Amino acid sequence: DLSSVFNFSARTPEMEALRRTYNFNGVDNSPAVSAALAAQAITSGISRCVTVNLVGGLDTHPGQQWTQVQGPRQEMGFDAIARLVDDLSQRQYDAHSSWLDHTTIIGFSEFSRTPMLDISGGRDHHLTNSCFLLGGGVRGGQVIGASSNVAMQPTAVNLRTGQSALDGEVLRPEHVLRSLFDEVGIDDSPDLRVSRIEPLIRS
C-alpha cells in the first residue's frame with residue numbers, strides 16, 4: 001500500500017494539506033512536488049536517505065540567460081526547501097522532537113559560478129563552491145569558511161573553529177561528509193582522509 005503515500009492528486013484531507021503546504025495543484029516534476037516526495041519518503045519510513053534534483057537548467061552562460069533565468073530558477077528551489085523545512089518541523093517524530101530534528105538537509109550544486117562576469121555578461125563554471133546544511137545535528141546560524149577577497153578561490157579554514165586560518169585546510173566535500181558520519185556514529189571505515197569540521201555539528 002505504499003502507493004497511497006505518493007498519490008498526490010488524491011482528494012483526501014492528508015493530500016489536500018500536503019498540496020497546500022507545498023503549494024502545488026497538479027503532479028509534475030516541479031521543485032515543490034519533488035520536495036513533497038522527499039518528505040513523504042522520509043516520514044513514512046520508506047527511506048532514510050532521499051536525493052532530489054530540485055532545479056535544473058542552471059547552466060546559463062550567456063548574459064541574458066544569467067540575468068533573466070538564474071534568479072527565478074534558484075528562487076523556486078529555495079522556496080521548495082523552505083516548505084520542506086516548515087513541513088518537517090511541524091511533523092511530530094516523538095513526544096519531544098520533530099522530523100526536522102532527525103533529518104539533515106544538505107543543498108549543493110555540482111559546480112559553482114565565477115564571481116566575476118565574463119565578456120558576454122554571464123558567468124562560467126568555477127571550482128570554488130558552497131553548500132548549506134540544516135536540521136538534524138547541525139549547528140545552524142553560522143558561516144564556515146570564506147573565499148578570497150575577490151572570491152576567486154577558497155581560503156584555508158581551522159577545522160576546530162571554522163574560521164579562516166593560514167595554517168588550516170581548504171574545505172572539500174569530504175570534510176562535510178566526515179562531520180556527518182561522526183554525528184551519526186559511523187566510524188573511520190570509510191577513510192575519507194580528512195577530519196571533521198568541529199563547529200558544524202552540535203556537541
Side-chain angles (χ1 to χ4, degrees), residues 31 35 38 49-63 65-82 84-85 100 103-203:
C49 182
V50 177
T51 301
V52 290
N53 181 8
L54 289 181
V55 181
L58 297 177
D59 198 7
T60 52
H61 292 265
Q65 283 189 311
W66 173 263
T67 57
Q68 296 176 5
V69 174
Q70 191 76 204
R73 288 183 181 168
Q74 287 193 29
E75 185 177 19
M76 286 192 302
F78 284 118
D79 282 350
I81 289 291
L84 175 62
V85 169
L100 186 61
T103 305
T104 301
I105 298 174
I106 308 171
F108 62 92
S109 174
E110 78 275 24
F111 59 82
S112 191
R113 290 288 167 178
T114 51
M116 294 194 241
L117 297 176
D118 62 22
I119 195 169
S120 73
R123 298 181 191 269
D124 297 311
H125 296 188
H126 192 49
L127 291 177
T128 299
N129 207 341
S130 62
C131 69
F132 67 82
L133 296 96
L134 58 94
V138 172
R139 185 185 300 153
Q142 60 181 332
V143 175
I144 297 176
S147 60
S148 63
N149 60 342
V150 291
M152 288 302 289
Q153 64 183 16
T155 60
V157 170
N158 182 315
L159 297 180
R160 298 185 66 81
T161 66
Q163 301 300 311
S164 295
L166 292 176
D167 60 347
E169 297 181 38
V170 173
L171 297 182
R172 301 192 308 271
E174 46 266 47
H175 286 96
V176 177
L177 286 175
R178 179 75 269 157
S179 306
L180 296 175
F181 285 171
D182 285 357
E183 194 265 329
V184 297
I186 298 176
D187 61 21
D188 290 336
S189 53
D191 184 7
L192 301 178
R193 301 183 182 182
V194 296
S195 299
R196 71 178 180 179
I197 307 164
E198 293 289 342
L200 181 60
I201 303 301
R202 295 177 191 160
S203 57

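All values reported here derive from a predicted model rather than from experimental measurement.
- If you take CG on Leu117 and OG1 on Thr67, they are separated by 9.5 Å, rounding to the nearest 0.5 Å.
- Rounded to the nearest 0.5 angstrom, Leu159 CG and Ile144 CD1 are separated by 9.5 Å.
- The shortest non-hydrogen separation linking Cys131 to Phe108 is CB-CB, 3.8 Å.
- In terms of heavy atoms, Ala146 sits closest to Ser164 at CB-OG, 3.6 Å.
- Of the possible polar contacts, none joining the Ser112 side chain to the His126 backbone as a donor-acceptor pair under 3.5 Å is found.
- For the pair Arg139 (side chain) and Leu200 (backbone), a donor-acceptor distance under 3.5 Å is absent.
- The CG atom of Asp182 sits 7.0 Å away from atom CG of Asp188, with the distance rounded to the nearest 0.5 Å.
- Under a 3.5 Å cut-off, the side chain of Ser179 and the backbone N or O of Ile197 do form a donor-acceptor pair.
- With 3.5 Å as the limit, one finds no donor-acceptor pair spanning the side chains of Thr128 and Ser147.
- The 12-atom threshold is not exceeded at CZ of Arg193, counting heavy atoms of other residues, nucleotides or ligands nearer than 6.0 Å.
- Residues passing the salt bridge (Lys or Arg N to Asp or Glu O under 4.0 Å) test with Arg113 are Asp59, sequence neighbours excluded.
- Between Arg73 and Glu75 there is no salt bridge, since none of the side-chain N atoms of the basic residue sits less than 4.0 Å from a carboxylate O of the acidic one.
- Here Leu58 contributes atom CG and Arg123 contributes atom CZ; the two are 13.5 Å apart, rounded to the nearest 0.5 Å.
- In terms of heavy atoms, Leu54 sits closest to Gly77 at CD1-O, 3.8 Å.
- Under a 3.5 Å cut-off, the side chain of Arg202 and the backbone N or O of Glu183 do not form any donor-acceptor pair.
- In this view, His61 and His125 satisfy the ring pair (Phe, Tyr, Trp, His ring centres under 6.0 Å) rule, not counting sequence neighbours.
- Residue Asn53 comes nearest to Val55 through the heavy atom pair OD1-O, 3.2 Å, listed as atom of the first residue, atom of the second, then distance.
- Listed by chain and number, the residues in a side chain to side chain contact (heavy atoms under 4.5 Å, CB included) with Gln68 are Gln64 (sequence neighbours excluded).
- For the residue pair Asp187 and Arg178, the shortest heavy atom distance occurs at O-NH2, 3.0 Å.
- Side-chain atoms of Leu84 and Leu100, non-hydrogen and from C-beta on, never get closer than 4.5 Å to each other.
- Gln142 places a side-chain N or O within 3.5 Å of a backbone atom of Pro199 that can act as its donor or acceptor partner.
- Shown here for Glu174 and Leu192, the closest heavy-atom pair between the two residues is O-CD1, 3.7 Å.
- Residue Ile106 holds its CD1 atom at 4.5 Å from CG of Leu180, rounded to the nearest 0.5 Å.
- Considering OG1 of Thr155 and CD of Gln153, their distance stands at 8.5 Å, rounded to 0.5 Å.
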